Amino acid sequence: MASNVNPTVRRRRLGQELRRLRELKGMTAEEVAERLLVSQSKISRLENGRRSISQRDVRDLCGVYEVEDQRMVDSLMEMAKDSRQQGWWHAFGDVPYSVYIGLETDAASLRVYDPQVVPGLLQTRQYAEALISGALPETAHTEVEKRVQVRMRRQERVSSSENPLRLWSVMDESALRRVVGSRELMRDQLEHLVEQSQLPHVTVQVIPFDMGAHPGLNGQYAILEFPDTADSSVVYIEGVTSDLYLEKPNDVQKYSVMYEHLRAQALNVDQSRHFIAEIAKGYVR
């Protein structure tokens, strides 16, 4: 696969364009489904980028929408072709959150809040292995190792010297206090966190226990923003059996405002770095 082709993002862009064409035609997803003798859910999945789009799907939809510009049809057909290629994560087999990985791979910035654990992009290998093993106790060691390898590969966006991901992480103090693996492992993890926080494109803030109630008590979420203005921001909420992706501007705005409150209530960057370092000292080797 060409390095500049991200199938997940291609599906999103193509889906957005197909939705735009449908709305210009004044048709509902149900009406389009009836015309093509398919389910309404298929049309919805094509438009939200959660399903691979074949060139035949594009051809049929362009026919329904009476698209006369052949250059547009050809462009959409090419996007459909690209969207069916495989990203780097497919080499690891069936990855349960592959849609998110595709979005993260193409994102320009990521704002993440985690109340329980150190965010995946800032984890050491040992912490990640202990965390995944503990969270998924019935998972085979080979599967745990595969997930760890994927997580380490994802971290290349943070460590890259060329176009690194701009990462802003706010975490609750409980993420620093929860002993994952062992006390020695936790000390290594927190020291790594302090080191990573000094990168110019990484910001880490901590909300201490004595801050009391705050907007992040409802749970973990992430906000992804993309370099191309045609790609709308996405709020990602991880679930046990399925994940939630919010793309409506109003939803994204609400979570963005909530994140601003979290950043305002958290310790500042220097205070957070000192706070983490002090907790790390408590994990005696």
Side-chain angles (χ1 to χ4, degrees), residues 96-97 100-101 104 107 109-137 139 144-160 164-209 211 214 216-224 236-240 243 259 262-263 265-285:
Y97 50 100
Y100 172 78
I101 295 175
E104 183 185 83
S109 68
L110 172 65
R111 289 174 286 167
V112 60
Y113 168 71
D114 208 312
Q116 298 290 341
V117 298
V118 174
L121 293 180
L122 298 173
Q123 294 173 5
T124 64
R125 173 179 285 275
Q126 292 74 20
Y127 181 95
E129 183 174 0
L131 179 63
I132 295 170
S133 297
L136 303 171
T139 302
V144 171
E145 180 58 25
K146 180 181 75 174
R147 291 185 178 225
V148 172
Q149 290 177 5
V150 170
R151 191 159 299 182
M152 296 301 104
R153 176 66 184 273
R154 286 169 52 207
Q155 291 183 4
E156 292 180 9
R157 282 300 318 279
V158 178
S159 60
S160 174
L165 177 69
R166 296 195 302 275
L167 174 62
W168 198 307
S169 170
V170 177
M171 64 189 77
D172 196 87
E173 182 179 344
S174 58
L176 311 177
R177 300 287 185 184
R178 184 178 305 281
V179 179
V180 176
S182 69
R183 296 181 66 82
E184 182 177 2
L185 187 155
M186 284 301 300
R187 179 162 182 156
D188 290 341
Q189 172 60 73
L190 297 193
E191 289 176 348
H192 175 72
L193 188 57
V194 170
E195 181 181 338
Q196 292 296 96
S197 72
Q198 298 180 60
L199 294 173
H201 54 277
V202 174
T203 301
V204 174
Q205 288 183 265
V206 177
I207 299 180
F209 288 145
M211 187 60 67
H214 58 77
L217 294 179
N218 288 326
Q220 181 272 348
Y221 70 95
I223 306 174
L224 302 104
Y236 169 71
I237 303 173
E238 184 176 354
V240 177
D243 301 327
Y259 202 83
L262 286 172
R263 297 201 299 202
Q265 290 184 241
L267 300 175
N268 66 35
V269 173
D270 291 335
Q271 292 170 335
S272 294
R273 190 176 296 128
H274 177 74
F275 190 81
I276 297 169
E278 287 301 306
I279 294 179
K281 292 178 183 178
Y283 290 117
V284 181
R285 295 187 187 278

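Small disclaimer: the values here were computed from a predicted structure and weren't measured.
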May I ask you to decide if [Y]'s main-chain N or O and [X]'s side chain share a donor-acceptor pair within less than 3.5 Å?
X: Gln189; Y: Thr124; value: yes
X: Tyr259; Y: Val112; value: yes
X: Ser174; Y: Pro115; value: yes
X: Ser109; Y: Arg166; value: no

If you define the side chain from C-beta out and look only at heavy atoms, does anything of [X] sit under 4.5 Å from [Y]?
X: Met211; Y: Leu267; answer: no
X: Arg178; Y: Gln116; answer: yes
X: His201; Y: Val158; answer: yes
X: Val204; Y: Met171; answer: yes
X: Val118; Y: His192; answer: no
X: Phe209; Y: Arg177; answer: yes
X: His274; Y: Asp270; answer: no
X: Val148; Y: Ile132; answer: yes

Roughly how far, to the nearest 0.5 Å, is [atom2] of [Y] from [atom1] of [X]?
X: Thr203; Y: Gln198; atom1: OG1; atom2: CD; result: 12.0 Å
X: Arg111; Y: Leu224; atom1: CZ; atom2: CG; result: 9.5 Å
X: Ile223; Y: Ile237; atom1: CD1; atom2: CD1; result: 10.0 Å
X: Leu262; Y: Asp172; atom1: CG; atom2: CG; result: 9.5 Å
X: Asn268; Y: Arg273; atom1: CG; atom2: CZ; result: 9.5 Å

Sole residue of Leu185, Val180, Val179 in side chain to side chain contact (heavy atoms under 4.5 Å, CB included) with Ser182: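 It is Leu185, the one option of Leu185, Val180, Val179 that forms the side chain to side chain contact (heavy atoms under 4.5 Å, CB included) with Ser182.
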Locate the shortest heavy-atom distance separating [X] from [Y]; write the atom from each residue and the value.
X: Met186; Y: Ala175; value: CE-O, 4.2 Å
X: Leu131; Y: Gln123; value: CD2-NE2, 3.4 Å
X: Arg151; Y: Ala128; value: CD-CB, 4.0 Å
X: Ala130; Y: Gly181; value: CB-CA, 3.8 Å
X: Ala222; Y: Leu110; value: CB-CD1, 3.8 Å

Pair Arg187 + Glu184, salt bridge at N-O below 4.0 Å: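 No salt bridge links Arg187 with Glu184.
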Lys/Arg N to Asp/Glu carboxylate O, Glu104 vs Arg157, below 4.0 Å: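 Here Glu104 does not pair with Arg157 in a salt bridge, since their nearest N and O are not under 4.0 Å apart.
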Verdict with reasoning, Leu136 to Arg147, per side chain to side chain contact (heavy atoms under 4.5 Å, CB included): CA-CA 11 Å; Leu136 303 171; Arg147 291 185 178 225; 3.4 Å; yes
Assess whether side chain to side chain contact (heavy atoms under 4.5 Å, CB included) is satisfied between Arg154 and Tyr100, documenting all intermediate values. CA-CA 11 Å; Arg154 286 169 52 207; Tyr100 172 78; 3.8 Å; yes
Check ring pair (Phe, Tyr, Trp, His ring centres under 6.0 Å) between Phe275 and all other residues, then give those that pass, not counting sequence neighbours.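 Checked Phe275 against ring pair (Phe, Tyr, Trp, His ring centres under 6.0 Å); zero matches.
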Just grab all the salt bridge (charged side-chain N to carboxylate O under 4.0 Å, His left out) pairs involving residues 116-130, residues at least two apart or on different chains.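 Of all non-adjacent pairs touching residues 116-130, those that pass salt bridge (charged side-chain N to carboxylate O under 4.0 Å, His left out) are Arg125-Glu145.
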Quick one: sort the Tyr221 and Tyr113 rings into parallel, tilted or perpendicular, breaks at 30° and 60°.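 Answer is tilted, since the angle falls between 30° and 60°.
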Check against side chain to side chain contact (heavy atoms under 4.5 Å, CB included), Leu190 and Leu176: CA-CA 7 Å; Leu190 297 193; Leu176 311 177; 3.7 Å; yes
Say whether Gln205 and Arg263, considering side chains only, have a donor N or O and an acceptor N or O under 3.5 Å apart.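 Result is no, nothing qualifies.
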